[in-house]
Chemist: 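Structure provided below as structure tokens; questions to follow.
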Amino acid sequence: MGAIDEIQAAIQQVATTAGPAVVGIGAHRRGSGVVVADGRVLTNAHNLRGPTVTVRFADGRTDRGTVLGTDMDGDLAVIGVETTGVTPLEWGDPAVLGVGAIVFAAAATSGGPARVTFGTVSALSRAFRGPGGRRIAGSLEHTAPLAPGSSGGPVLDAQARLLGLDTNRLGEGFYLALPADASLRERVAALARGETRERPRLGVAIAPAFVAARLRRSVGLPDRDGVLVRGVEADSPAARAGLAEGDLIVAVGGRPVTDGDELAEAIEAAGASYEIGIVRGAEERTLTVGDPATGAA
């Protein structure tokens with residue numbers, strides 16, 4: 001059997017095995033999803049518009065599903081819906097993938113069986129912005145062609161095992177997928193239990209680093225790396241800690257911060273109560289976010 005015949009056979013096998021587990025999300029094919037357990041469909045959070053959603057199966061059946069849990073910053077959601085007769089996909093191991101590895105992508109169509117394509121892994125550890133604006137790192141880039149409405153569909157190996165979830169389209173025929181690693185599996189399990197994930201918020205509007213540097217120079221202050229506070233939300237953790245417009249945040253929980261991504265990551269890692277280092281004018285101060293005695297933020 002030649003290489004072309006082997007690829008053809010692999011695509012057909014993936015379509016036969018995984019196709020029934022690939023579903024359409026939304027009445028007008030807003031996106032795709034994949035059956036990962038009995039009664040459970042995994043998709044992207046950006047495919048949803050409310051607490052319920054139409055789920056379309058490859059055999060033409062439609063049903064109304066209920067959103068069990070969402071992680072907007074991670075762009076994940078789990079839907080509860082009747083999946084009788086559909087075999088959930090097995091989890092694969094994305095850690096074995098390297099640049100050049102052949103992968104298969106599947107997505108729902110407007111009617112009938114799933115679309116299946118193949119390509120190669122073109123890059124690892126890519127990053128993009130989720131629907132909430134947060135940076136999502138560690139994604140898998142591949143070249144399997146995908147039509148609009150493919151977000152939430154699976155990336156698969158030749159045995160039709162789930163390696164990732166297609167999430168973000170790049171230009172020039174590339175797609176980014178969230179790897180189906182142990183961390184993602186844990187998040188999926190938590191979402192299926194109804195544990196909607198909301199990452200901690202400080203409650204500030206910030207300015208880009210170049211704006212912060214320009215403003216400090218304009219009033220005769222020395223340059224300093226940090227995140228400039230442009231506004232503070234009323235009754236937010238920032239307001240209760242005493243942060244004010246014009247403060248320059250330079251550290252959170254002992255970690256230096258120089259941009260919005262580092263600020264968000266430091267806040268998430270810091271826990272319920274943490275110290276935040278600021279520069280107010282030329283004076284350095286330390287504020288406490290949350291109540292150290294109770295851990296309440």
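Along the sequence shown, the residues carry numbers beginning at 1. Keep in mind the model is a prediction, meaning the values are calculated, not measured.
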Chemist: Is a side-chain donor or acceptor of Asn47 paired with a backbone partner of Ser151 at a separation under 3.5 angstrom?
Modeler: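 Such a contact is found between Asn47 side chain and Ser151 backbone.
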Chemist: Would you please name every residue forming a side-chain hydrogen bond (donor to acceptor under 3.5 Å, both in side chains) with Asp261, sequence neighbours left out?
Modeler: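 Expected list: Arg129.
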Chemist: What heavy-atom pair brings Pro20 and Ala15 nearest, and what distance separates the two atoms?
Modeler: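 Pro20 and Ala15 have their closest heavy atoms at CD-O, 4.0 Å.
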Chemist: What's the separation between atom CG in Leu170 and atom CZ in Arg126, rounded to the nearest 0.5 Å?
Modeler: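 If we round to the nearest 0.5 Å, Leu170:CG and Arg126:CZ are 6.0 Å apart.
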Chemist: Taking atom CD as the centre, does Glu90 end up with more than 12 heavy-atom neighbours from other residues, nucleotides or ligands that are less than 6.0 angstrom away?
Modeler: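 No, because the 6.0 Å sphere around CD of Glu90 holds 12 heavy atoms or fewer from other groups.
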Chemist: Is it true that Val14 and Phe57 fall in one hydrophobic cluster, defined by side-chain heavy atoms closer than 4.5 Å?
Modeler: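 As far as the 4.5 Å side-chain criterion goes, Phe57 and Val14 are not connected within one cluster.
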Chemist: Starting at CZ of Arg40, measure out to CZ of Arg193 and round the result to the nearest 0.5 Å.
Modeler: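 Spacing of CZ (Arg40) from CZ (Arg193) equals 11.0 Å.
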Chemist: Working to the nearest 0.5 angstrom, can you tell me the gap between Glu265 CD and Asp259 CG?
Modeler: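 That separation rounds to 8.0 Å.
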Chemist: Kindly compute the distance separating CZ (Arg49) from CD1 (Ile25), expressed to the nearest 0.5 Å.
Modeler: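 So the CZ of Arg49 and the CD1 of Ile25 are separated by 11.5 Å.
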Chemist: Can you tell whether the side chains of Glu284 and Arg224 come within less than 4.0 Å, N to carboxylate O?
Modeler: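 Between Arg224 and Glu284 there is a salt bridge, with a charged N closer than 4.0 Å to a carboxylate O.
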Chemist: Examine distances only and state if a side-chain atom of Glu82 and a backbone atom of Thr84 form a donor-acceptor pair shorter than 3.5 Å.
Modeler: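 A pair under 3.5 Å: yes.
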Chemist: Look up atom CG in Leu184 and atom CG in Leu191, then write down how far apart they are to the nearest 0.5 Å.
Modeler: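 Reported value, rounded in 0.5 Å steps: 9.0 Å.
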Chemist: Locate the shortest heavy-atom distance separating Leu163 from Leu156; write the atom from each residue and the value.
Modeler: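 Smallest interatomic distance, heavy atoms only, reads CD1-C, 3.6 Å.
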Chemist: Any luck finding a side-chain donor-acceptor pair between Thr167 and Asn44 under 3.5 Å?
Modeler: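 Side chains of Thr167 and Asn44: pair found under 3.5 Å.
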Chemist: Between Leu202 and Ile276, does a side chain to side chain contact (heavy atoms under 4.5 Å, CB included) hold up when you go through it step by step?
Modeler: CA-CA 11 Å; Leu202 184 58; Ile276 185 166; 3.9 Å; yes
Chemist: Please indicate whether Arg230 has more than 12 foreign heavy atoms, meaning atoms of other residues, nucleotides or ligands, lying under 6.0 Å from its CZ.
Modeler: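 No, not enclosed.
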Chemist: Counting only N and O atoms by type, is there a donor-acceptor contact under 3.5 Å from the side chain of Asp75 to the main-chain atoms of His46?
Modeler: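 Yes.
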Chemist: Quick one, Phe174 with Thr143, criterion side chain to side chain contact (heavy atoms under 4.5 Å, CB included). Give me CA distance, side-chain angles, the key distance, then yes/no.
Modeler: CA-CA 5 Å; Phe174 296 95; Thr143 64; 3.6 Å; yes
Chemist: Are Ile11 and Leu162 connected into the same hydrophobic cluster when the rule is that any two of I, L, V, M, F, W, Y join if their side-chain heavy atoms are below 4.5 Å apart?
Modeler: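 Shared cluster, yes.
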Chemist: Report yes or no: does Thr109 contribute a side-chain atom to a donor-acceptor pair with the main-chain N or O of Pro113 at less than 3.5 Å?
Modeler: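 Flag set: sc Thr109 to bb Pro113 pair under 3.5 Å.
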Chemist: Taking atom CG of Leu76 and atom CG of Asp73, what is their separation to the nearest 0.5 Å?
Modeler: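 Those atoms lie 11.0 Å apart.
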Chemist: If you compare all heavy atoms of Pro179 against all heavy atoms of Ser139, which two are closest, and at what distance to 0.1 Å?
Modeler: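 Nearest pair, atom of Pro179 first, then Ser139: CD-CA, 4.0 Å.
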Chemist: Search all heavy atoms of Asp38 against all heavy atoms of Val86 and return the closest pair with its distance.
Modeler: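 Closest approach of Asp38 to Val86: OD1-O, 4.5 Å.
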Chemist: Does Val252 share a hydrophobic cluster with Ile206, counting links as ILVMFWY side-chain heavy atoms below 4.5 Å and allowing steps through other members?
Modeler: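 Same hydrophobic cluster.
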Chemist: If only atom types and distance count, is the side chain of Arg169 paired as donor or acceptor with the main-chain N or O of Leu146 below 3.5 Å?
Modeler: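 Checking the backbone N and O of Leu146 against the side chain of Arg169, a donor-acceptor pair under 3.5 Å is found.
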Chemist: Treat each ILVMFWY residue as a node, draw an edge where side-chain heavy atoms are under 4.5 Å apart, and state whether Val78 and Leu89 are in one component.
Modeler: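 Linked, Val78 and Leu89 end up in one cluster.
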Chemist: Could you walk me through whether Arg240 and Asp235 pass the side chain to side chain contact (heavy atoms under 4.5 Å, CB included) check?
Modeler: CA-CA 6 Å; Arg240 293 192 291 272; Asp235 199 31; 3.3 Å; yes
Chemist: When hydrophobic residues are tied together by side-chain contacts of less than 4.5 Å, even through go-betweens, does Val227 share a cluster with Ile278?
Modeler: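 Per the 4.5 Å side-chain linkage, Val227 and Ile278 are co-clustered.
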Chemist: Please determine whether the number of non-hydrogen atoms from other residues, nucleotides or ligands lying under 6.0 Å from atom CZ of Phe118 exceeds 12.
Modeler: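 12 or below, so no.
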Chemist: Assess the residue pair Ser273 and Thr288 against the criterion (side chain to side chain contact (heavy atoms under 4.5 Å, CB included)); give the C-alpha distance rounded to whole Å, side-chain angles, the decisive distance to 0.1 Å, and a yes or no.
Modeler: CA-CA 7 Å; Ser273 177; Thr288 300; 4.1 Å; yes
Chemist: Identify the heavy atoms of Ala241 and Val289 that sit nearest to each other, and give their distance.
Modeler: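 Between these two residues, the closest heavy atoms are CB-CG2, 3.9 Å.
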Chemist: Checking side-chain hydrogen bond (donor to acceptor under 3.5 Å, both in side chains) between His142 and each of Asp166, Thr117, Thr120, which is the one that passes?
Modeler: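 The residue from Asp166, Thr117, Thr120 that satisfies side-chain hydrogen bond (donor to acceptor under 3.5 Å, both in side chains) with His142 turns out to be Asp166.
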Chemist: What pair of heavy atoms forms the shortest contact from Gly203 to Ala238, and how long is it?
Modeler: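 In this case the closest contact between Gly203 and Ala238 is O-CB, 4.0 Å.
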